[in-house]
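Comments concern the structure below.
Here the structure is a predicted model, which means the values were calculated and not measured. The first residue in the sequence is number 1, and the count goes up from there.
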Amino acid sequence: MEKKRWDCTALPKGWKMEEVTRKSGLSAGKSDVYYFSPSGKKFRSKPQLARYLGNQMDLSSFDFRTGKMLMSKLNKNRQRLRYDNNNQNKGKPDLNTSLPVRQTASIFKQPVTKVTNHPNNKVKTDPQKAVDQPRQLFWEKKLGGLNAFDIAEELVKTMELPKGLQGVGPGCTDKTLLSAIASALHTSAAPITGQLSAAVEKNPGVWLNTTQPLCKAFIVTDEDIRKQEELVYSVRKRLEEALMADMMAHVEEASNDDEALKDDGNGSEDMESV
């Protein structure tokens, strides 16, 4: 590991910033940033730093990775604070009656359910809003040309679809078919069967079922299930090996830090004895 330490001018006097770059292992080339107080205490994250400093310093605009204050973020915080103070002085009530949106991990918005269990309450429903909106033909083609990239900004390898999945419609490629199946799994609770009508091959614009993806009817065989189980097992095995290697790297790094602190303590004791 390669370590570099220097004074952090954005923090109070005496604070040090250290950057540690790993040279080996799966995380080779990755850099970690640490901060040391004037008394030698080590901090690994921004929340730890904020709890230690308390009210001494506002770290809302502090960038933990670079050790600098972001002026653009600082200006936004000042504008937001000024706006909040002005609104508090006005004292206007919030008349917005729309329901909030649940903040979940799903990519689709899920509204909060409104509970009305009082006997005097009467809930009126609009049957027109309950009906699903019609979908445009071949709307999945809008997703064509989109690619997925990993954390290193490298293109993720395209999935290989089974031979039983064949596209339907003009200009339907494997990428379009994959996007259509993924969208159907997210937006519909019904089973994915494909286009059951044989007439869709002659005229997709007339006989296409928009609730199903752009593929012919297919059947999942036992061989497909077995291949998927083997693929999941191999991915889990690689993930286990990667997590184990990362854990060992963290253990080695912690032991090296402890040895360095012991060496610094011994050196200070020798200086005091002299």
Side-chain angles (χ1 to χ4, degrees), residues 98-117 122-240 242:
S98 61
L99 293 176
V101 176
R102 192 188 308 275
Q103 300 297 327
T104 61
S106 175
I107 62 176
F108 303 100
K109 294 183 179 180
Q110 300 178 0
V112 177
T113 304
K114 187 176 182 180
V115 179
T116 54
N117 53 2
K122 295 182 180 180
V123 181
K124 297 181 180 181
T125 58
D126 189 358
Q128 295 182 356
K129 292 185 178 180
V131 179
D132 294 337
Q133 297 295 329
R135 299 181 181 179
Q136 186 181 13
L137 289 177
F138 313 118
W139 67 272
E140 293 89 347
K141 293 180 64 178
K142 296 180 181 179
L143 303 176
L146 300 179
N147 298 316
F149 294 87
D150 57 10
I151 192 173
E153 298 184 358
E154 294 183 0
L155 182 63
V156 178
K157 184 179 179 181
T158 306
M159 296 178 58
E160 295 181 359
L161 297 176
K163 297 181 180 179
L165 290 178
Q166 298 180 3
V168 172
C172 183
T173 61
D174 291 342
K175 291 184 178 180
T176 306
L177 178 57
L178 181 59
S179 301
I181 295 176
S183 301
L185 291 174
H186 277 285
T187 58
S188 177
I192 307 301
T193 60
Q195 303 296 327
L196 299 178
S197 176
V200 71
E201 301 181 14
K202 299 180 180 179
N203 194 341
V206 176
W207 304 104
L208 185 68
N209 183 6
T210 56
T211 61
Q212 291 293 328
L214 303 176
C215 63
K216 298 180 181 179
F218 60 91
I219 299 176
V220 179
T221 62
D222 294 338
E223 184 180 359
D224 295 334
I225 297 176
R226 182 180 56 80
K227 289 182 179 179
Q228 185 66 21
E229 290 177 348
E230 293 177 354
L231 179 61
V232 172
Y233 176 78
S234 62
V235 172
R236 288 180 177 177
K237 189 67 176 178
R238 294 200 304 269
L239 178 60
E240 180 183 359

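- Using a 4.5 Å heavy-atom cutoff, the side chains of D224 and I219 are not in contact.
- No side-chain heavy atom of S197 sits less than 4.5 Å from a side-chain heavy atom of N209.
- The number of heavy atoms from other shown groups lying within 6.0 Å of CG (L196) is above 12.
- A side-chain contact (heavy atoms from CB on, under 4.5 Å) with V200 is found for exactly one of Q195, Q212, K216, namely Q195.
- Across all non-hydrogen atoms, the minimal contact from L177 to G167 is CD2-N, 4.0 Å.
- Contact check on E240 versus R236 returns no salt bridge, with no Lys/Arg side-chain nitrogen under 4.0 Å from an Asp/Glu carboxylate oxygen.
- Here the closest non-hydrogen pair linking I192 and F218 is O-CZ, 3.5 Å.
- The side-chain heavy atoms of D222 and R226, taken from C-beta on, include no pair separated by under 4.5 Å.
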| message | Using side chain to side chain contact (heavy atoms under 4.5 Å, CB included), reason through K227 and L231 one step at a time and then give a plain yes or no. | response | CA-CA 6 Å; K227 289 182 179 179; L231 179 61; over 6 Å; no
